[in-house]
J.: 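Shown below is the structure under consideration.
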Amino acid sequence: MNMFSVFDINASGLTAQRFRMDIISENVANAQTTRTADGTPYRRKVVTFEQKGSQTPFSRVLNKHFDKYSGEGVRVSGVYEDTWTEMKLVYDPSHPDANEAGYVEMPNVNPITEMTNLIDASRAWEANSTAFNATKSMAMKALQLGNNG
């Protein structure tokens, strides 16, 4: 693995975590949105990642390149609506979206979950940034040593 591929790996991690933070921000911003363009409440979105590069099963990659790293970083594999978390029903008969019984179906966004995910994404972004800067520092030191020799 050359040094430039390390930059690519860290950059892909930075990009993926930044995208994840954007989706979390969208979730928080729409935590009270009871009516979207299709007339339903906002549904929380979740980001998933996958390894960039090889699309073969892990066992084949492991057997083919047992001692080599074959990945090229991470990429966003999809943004999905959270269909496993229930929507909240809140009693508010004065709300324009209330049903006949006076209940409003609210988005399935939990601010505590979103803030926890935001901290996780932020820490992952920081880790990638630190690794990127460490690699950059090593490259600069190698260039300085090369110029002195």
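Just so you know, residue 1 is the first one in the sequence shown, and it goes up from there.
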J.: Working to the nearest 0.5 Å, report the span between CE of M115 and CG of N27.
T.: 12.0 Å
J.: What residues form a salt bridge (Lys or Arg N to Asp or Glu O under 4.0 Å) with D82, not counting sequence neighbours?
T.: R44
J.: Would you check if the side chain of S77 reaches a backbone N or O of T48 as a donor-acceptor pair within less than 3.5 Å?
T.: yes
J.: Not counting sequence neighbours, which residues clear side chain to side chain contact (heavy atoms under 4.5 Å, CB included) with T116? List them please.
T.: I112
J.: Is the closest side-chain heavy-atom distance between N108 and W84 below 4.5 Å?
T.: no
J.: Are side-chain heavy atoms of M87 and R43 found at a separation under 4.5 Å?
T.: yes
J.: What heavy-atom pair brings I24 and L118 nearest, and what distance separates the two atoms?
T.: CD1-N, 3.6 Å
J.: When clusters are formed by joining ILVMFWY residues with side-chain heavy atoms under 4.5 Å apart, either directly or through shared neighbours, do Y91 and L89 land in the same one?
T.: yes
J.: Closest approach of P41 and M106, non-hydrogen atoms and distance?
T.: CB-C, 4.3 Å
J.: Verify whether one side chain among T34 and D97 offers a donor that lies under 3.5 Å from an acceptor in the other.
T.: yes
J.: Can you see which heavy atom on F49 is nearest to which on V74, and at what distance?
T.: CB-CG2, 3.5 Å
J.: Nearest 0.5 angstrom please: T15 OG1 to R75 CZ, how far?
T.: 13.5 Å
J.: Using the ring pair (Phe, Tyr, Trp, His ring centres under 6.0 Å) criterion, which residues pair with F19? Sequence neighbours excluded.
T.: none
J.: How far does OG1 of T33 sit from CD of E26, to the nearest 0.5 angstrom?
T.: 9.5 Å
J.: Return yes if some donor-acceptor pair links the side-chain N/O of S137 with the main-chain N/O of N133 below 3.5 Å, else return no.
T.: no
J.: Using only atom types and a distance under 3.5 Å, with no angle test, would you say the side chain of S129 pairs donor to acceptor with the backbone of W125?
T.: no
J.: Once side chain to side chain contact (heavy atoms under 4.5 Å, CB included) is applied, do any residues pair with I119, and if so which ones, sequence neighbours excluded?
T.: R123
J.: Could you tell me which residues satisfy ring pair (Phe, Tyr, Trp, His ring centres under 6.0 Å) with F132, sequence neighbours excluded, listed by chain and number?
T.: F7
J.: Pair R20, N117 - check side-chain contact (heavy atoms from CB on, under 4.5 Å), show working.
T.: CA-CA 9 Å; R20 183 176 172 213; N117 289 341; 4.1 Å; yes
J.: Considering all heavy atoms of both residues, which atom of N30 and which atom of P107 are nearest to each other, and what is their separation?
T.: O-CG, 3.5 Å
J.: Heavy atoms only: give me the nearest N10-A131 pair and the separation to one decimal.
T.: ND2-CB, 3.5 Å
J.: Tell me if a side-chain donor or acceptor on K88 pairs with a main-chain N or O of V109 at a distance below 3.5 Å.
T.: yes
J.: Test of understanding: with side chain to side chain contact (heavy atoms under 4.5 Å, CB included), list the residues that count as partners of A37, not counting sequence neighbours.
T.: none
J.: If I compare all heavy atoms of V28 with all of E114, which pair ends up nearest, and what's the gap?
T.: CG2-CB, 3.7 Å
